[in-house]
Structure formats: C-alpha cells, structure tokens
Amino acid sequence: MNSTTDYFKIDDLLTDEHKLIRQSVRDFVDTEIKPVIDDAAQNHTDIPDLMKKLGAIGALGPYIPAEYGGAGLDQMSYGLIMQELERGDSAVRSAASVQSSLVMYPIYTYGSEEQKHKFLPKLASGEFIGSFGLTEPNHGSNPGGMETRLTKNGDHYLLNGAKMWITNSPICDIAVVWAKDEEGKVRGVIVERNMDGFSTPETHNKWSLRASKTGELVFENVKIEEHNILPDVKSLKGPLSCLNSARYGISWGVIGAAIDCYDSALKYSLERTQFGKPIASFQLQQKKLAEFITEITKAQLLCWRLGTLKNENKATPEQISMAKRNNVKMAIDIARESRQIIGAMGIVGDFPMMRHAANLESVITYEGTHDVHLLITGADVTGINAFI
C-alpha cells in the first residue's frame, strides 16, 4: 500500500534544508495548532499568541534578509512553510501570509531604510501584527477604482476612506494601506494603530476563517507624515506585486489543507467497516481516493516548478494566477468529496473536512476570485482582455 502524499517523489527535488524546515513547521502545527484548532473555529476565537509563535519558528517573512529580522530563506521554503501551516488551518496560513507577503514584502520592496529597520524586525518576530488594505466596500475585483484618498495638507497628508475584509485588522499594530493621491497615483501608506481617526471595526458572523479576526480599516482625516509613505511606488503595480507574492503562498498553502483531508479520509476508509469489510475496498471510495492523490500530486508539481521559477525571478503573474486558481479549486473539491467518505461523522469537528471546506470558500474568493483568475489566464493565451 502506498499511503504517502509524495506520490511522484518530489522530495528528491528538495534540499535537506527544505525538508528540515517543512518538518519543523509540521511539528509546530501538530503540537500547537491541531489540538486547539477545532475549539477555536467552533467558538470563533483566536489562537493565543499565534503571531509570536509563528515569529519564533521563522514563519513570518521567511524570505526577508536577516539584516531586517527575516530568515533569508528561498521561495521554495516559503511555500513549504505555507503548506504546513494550512494543513493546520487556513486562518493560520492567512495570518502568516498577510504578515509576510502583504505587509513585510511591500515595506521591504518599496520602503525606505528607516521604514525597513523600524518595522520589519518587529513584524518578523510577531511583536507587531500587520494588515493590508486594498479591498474596499465598492471595489473588490477592480482595485483600480479605489476611493480611499491621500491628500496633501501643508507639511503632511490626510488619509480618508475605508477598506474591508481585512485579515487581522481588529488586532493590527500597523496597516499597509493603498490610496490614490491628488494626481490619481496609487500610493502605499503605513498607518499606525495610535493615529487619530484610524479605527478597525470587526466583522462578525463569519462561517469561514473563524480562528482569525477579520474587519475593516476606516480612515477619517488620519494625519500621515512623509516618513510613513512608501517612497518607491506610485502605481497599482505596488499592491498587485504584493498579491503575486500572496497568491504564490496560497497555491502552496491549500495543498496542505487538501493533504489533511486526504489523510483523514484514507485512514477512516481503512478503519471503517460496512458489509463486513473496510469501505476502502469499495470501488467508489477507491475512485475518490485515487482522484484526490492525483490532484494533490499535480498541484505539488505545479508549485515545485513555480517555486524554482520564483527563485530565479522568472515566475510571471499569469503563472502564479494559474497555480492559485487551480490549487484552491483542487483543495475545496477534495474537502467536499472527502467529507462524503466520512459520512455523517464528517460534519463534526472530530474530522477536518467541513472546517477546511468552509475556510476554502474564503480562499477561493480572496487574492483574486476563481473567475478573475480564469480571465487572467484567458487574456494571457488570447491576447484579449475580457475585463473591459
């Protein structure tokens, strides 16, 4: 019996360091996340000190150089870390992904040396929690239509507007926010918790990502000094480059959710007896399991190749888009179908399928919806932009 989820020996393509990093994060998830995640999701509560724990294992901004508090790892390592975190729960991976790709990445890429040294080490350790403000009440898939404004006011600026569906907003210390200036150029702003006029109301009654907090970022004449504006970006390229990094992490992360569902379903099918034999012996159950491991393997190969391209700075936004869309759809399909193998027991917290399926409803929507990513690929292969 081949019960491994490394069906095509992809481990042979990884370095010993990659495997050591993956194992250390896997051990963290098994000891710190798995025992508490069902209660956290059921009760809509945070995992205590999660960000500091993630910082302690090097999961926050792992590709940021050591001089700024990161671990200086490669993109393959980042992907493997995201995979193991989402094997625990999408909310855990989301917290690490937002901090790494949407907060630390833009500060490292577009920030001044002063901003890098001031914020990155504290974000890497989890002492600071960051959030990312792009999506607005009236502008989701069309970020270029943003209404949040940054206007000059003497020797400073005023920030006005609102962002919503923001992971960690109710508990963030800083937020990287994107707004249009008076010339219509998109600027990146670092908003700090203690700034007057800045509030972060929480979003309640979620069925998804219940082990993390989601909310809004609201700005009412927030005074922004020049030193809190990212100096090296004045276009939509800024936030879109952040999304590319986040989408890459997601494409790896959801493999972890799929593996958790597959492993649980396989184990149950071998132990559960009906009609005098394990349900794993029935053809329809084997069909499901065979399809699961095939789709997981295809997603692993897609991510491995994408990781090598990322390490060589050759990965295109369109390639990242394809991996995000394909792998999230793969994971949510496996979560739903594997629940059927478990039967009625699959709806309770003893098994992870329903929790993963609910979480993945958010993942298939954020960082570009499934349909938007289809159109990105469509535009790439036809040369025709279907957005306009």
* To do: Would you check if L85 and F28 make a side-chain contact, meaning some heavy-atom pair closer than 4.5 Å?
  => yes
* Taking the side chain as C-beta and beyond, is there a heavy-atom pair between M51 and L60 under 4.5 Å? -> yes
* To do: Tell me, yes or no, whether the heavy-atom count around K234 atom NZ, taken from other residues, nucleotides or ligands under 6.0 Å, exceeds 12.
  => no
* Asked: Do T200 and E216 have side chains that get closer than 4.5 Å, going by heavy atoms?
  -> no
* Are R93 and S90 linked by a side-chain donor-acceptor pair shorter than 3.5 Å? -> no
* To do: Could you tell me whether the side chain of Q115 and the main chain of I229 form a donor-acceptor pair under 3.5 Å?
  => yes
* Asked: Applying ring-ring contact (aromatic ring centres under 6.0 Å, His included), which residue pairs with at least one partner in residues 224-247 are found, sequence neighbours left out?
  -> none
* Asked: Side chains of Y110 and S241: is there a donor and an acceptor less than 3.5 Å apart?
  -> yes
* Non-hydrogen atoms of V254 and A331 that approach each other most closely -> O-CB, 3.5 Å
* Structure fact -> side chain to side chain contact (heavy atoms under 4.5 Å, CB included) test vs T148 passes for just one of L217, V189, L159, namely L159
* List the steps and the verdict of side chain to side chain contact (heavy atoms under 4.5 Å, CB included) for L120 and I107. => CA-CA 8 Å; L120 291 178; I107 293 174; 4.0 Å; yes
* To do: Go through the steps for S131 and T167 under the test side chain to side chain contact (heavy atoms under 4.5 Å, CB included), then give the verdict.
  => CA-CA 6 Å; S131 63; T167 294; over 6 Å; no
* Just do the side chain to side chain contact (heavy atoms under 4.5 Å, CB included) check on V177 and K163 with the steps written out, would you? => CA-CA 8 Å; V177 178; K163 307 290 185 176; 4.0 Å; yes
* Would you say the side-chain atoms of S101 and S245 include a donor-acceptor pair closer than 3.5 Å? -> yes
* Which class fits the ring pair F198 and F219: parallel under 30°, tilted 30 to 60°, perpendicular over 60°? -> parallel
* To do: Please report the closest heavy-atom contact between I279 and Q285, naming both atoms and the distance.
  => O-CG, 3.2 Å
* To do: Determine whether D27 and E32 make a side-chain contact, defined as any pair of heavy atoms from C-beta on separated by less than 4.5 Å.
  => no
* Answer yes or no: is there an ion pair linking K152 with E182, defined by an N-O contact shorter than 4.0 Å? => no
* Determine, using the 4.5 Å side-chain heavy-atom cutoff (strictly less than), whether M195 and V176 are members of one ILVMFWY cluster. => no
* Structure fact -> d(I296 CD1, D263 CG) to nearest 0.5 Å is 7.5 Å
* Structure fact -> Rounding to 0.5 Å, atoms CG (L102) and SG (C242) come to a distance of 6.0 Å
* Got a salt bridge between D11 and K19, using NZ or NE/NH1/NH2 to carboxylate O under 4.0 Å? -> no
* Asked: Looking at CG of D350 and CE of M345, how far apart are the two atoms once the value is rounded to the nearest 0.5 Å?
  -> 4.5 Å
* Do D49 side-chain atoms and K52 backbone N/O form a donor-acceptor pair below 3.5 Å? -> no
* Nearest 0.5 Å please: distance from the CH2 atom of W207 over to the CG atom of N205. => 8.5 Å
* **Under 3.5 Å side-chain donor-acceptor pair for K185 and S235** => no
* E136 side chain near N138 side chain, heavy-atom distance below 4.5 Å -> no
* Between E114 and K118, does at least one N-O distance fall below 4.0 Å, as a salt bridge requires? -> no
* Enumerate the residue pairs fulfilling ring-ring contact (aromatic ring centres under 6.0 Å, His included) with a member in residues 38-67, sequence neighbours excluded, ordered by first and then second residue. => Y63-Y78
* Asked: Does a side-chain N-to-carboxylate-O contact under 4.0 Å join D30 and R26?
  -> no
* Of all heavy-atom pairs between V25 and E84, which one has the smallest distance, and what is that distance? -> CG1-CB, 3.6 Å
* For the residue pair N359 and H356, confirm or rule out a side-chain donor-acceptor distance under 3.5 Å. => no
* To do: May I ask you to decide if Y7's main-chain N or O and T297's side chain share a donor-acceptor pair within less than 3.5 Å?
  => no
* **Straight-line distance of E17 CD to L73 CG, nearest 0.5 Å** => 6.0 Å
* For atom CD of Q283, is the number of surrounding heavy atoms from other residues, nucleotides or ligands below 6.0 Å larger than 12? -> no
* Indicate the atoms forming the closest heavy-atom contact of G130 with V103, along with that distance. => C-CG2, 3.7 Å
* Asked: Does the side chain of I342 reach to within under 4.5 Å of the side chain of I347, using non-hydrogen atoms?
  -> no
* With K277 as the cation and F282 as the aromatic partner, state whether NZ or CZ is under 6.0 Å from the six-membered ring centre and within 45° of the axis. => yes
* Do E202 and T214 have a side chain donor and acceptor closer than 3.5 Å? -> no
* Is the shortest side-chain N to carboxylate O distance from E367 to K324 below 4.0 Å? -> no
* E337 and K287 ion-paired at < 4.0 Å -> no
* Considering all heavy atoms of both residues, which atom of S100 and which atom of G61 are nearest to each other, and what is their separation? -> OG-N, 2.7 Å
* Asked: In this structure, are over 12 heavy atoms from other groups packed under 6.0 Å from K329 atom NZ?
  -> no
* Does R210 pair with D46 as a salt bridge, N-O distance under 4.0 Å? -> no
* Keeping the roles fixed (side chain from N43, backbone from D39), state whether a donor-acceptor pair exists under 3.5 Å. => yes
* Can you hop from W304 to M82 via hydrophobic side chains spaced under 4.5 Å? -> yes
* **Expected output: side-chain Q319 to main-chain T316 donor-acceptor under 3.5 Å** => yes
* Asked: Is the side chain of T15 donor-acceptor paired with the backbone N or O of H18 at a distance under 3.5 Å, no angle test?
  -> yes
* To do: Go through the side-chain N and O atoms of N228 and E192 and say whether any donor and acceptor fall under 3.5 Å apart.
  => yes
* Asked: Salt bridge between K288 and E291, side-chain N to carboxylate O under 4.0 Å?
  -> no
* To do: Taking K122 for its side chain and E127 for its backbone only, find out whether a donor-acceptor pair lies under 3.5 Å.
  => no
* Looking only at heavy atoms, what is the nearest atom pair of A124 and G69, with distance? -> CB-O, 3.3 Å
* NZ or CZ of K223 within 45° of Y157 ring axis and under 6.0 Å -> no
* Asked: Quick check: does any side chain N or O of H370 sit under 3.5 Å from a backbone N or O of I364, one acting as donor and the other as acceptor?
  -> no
* Does the distance from a Lys or Arg side-chain N to an Asp or Glu carboxylate O, for D173 and R193, drop under 4.0 Å? -> no
* Donor-acceptor pair, T369 side chain versus T365 backbone, under 3.5 Å? -> no
* Are L123 and I174 side-chain neighbours, meaning at least one heavy-atom pair lies under 4.5 Å? -> yes
* **Test ring-ring contact (aromatic ring centres under 6.0 Å, His included) applied to Y366 - qualifying residues, sequence neighbours left out** => none
* Structure fact -> Value for CZ (R247) from NE2 (H373), rounded to nearest 0.5 Å, stands at 4.0 Å
* Is any side-chain heavy atom of R336 less than 4.5 Å from a side-chain heavy atom of I332? -> yes
* Within the distance-only criterion (no hydrogens, no angle test), does the side chain of D6 pair as donor or acceptor with the backbone N or O of I10 below 3.5 angstrom? -> yes
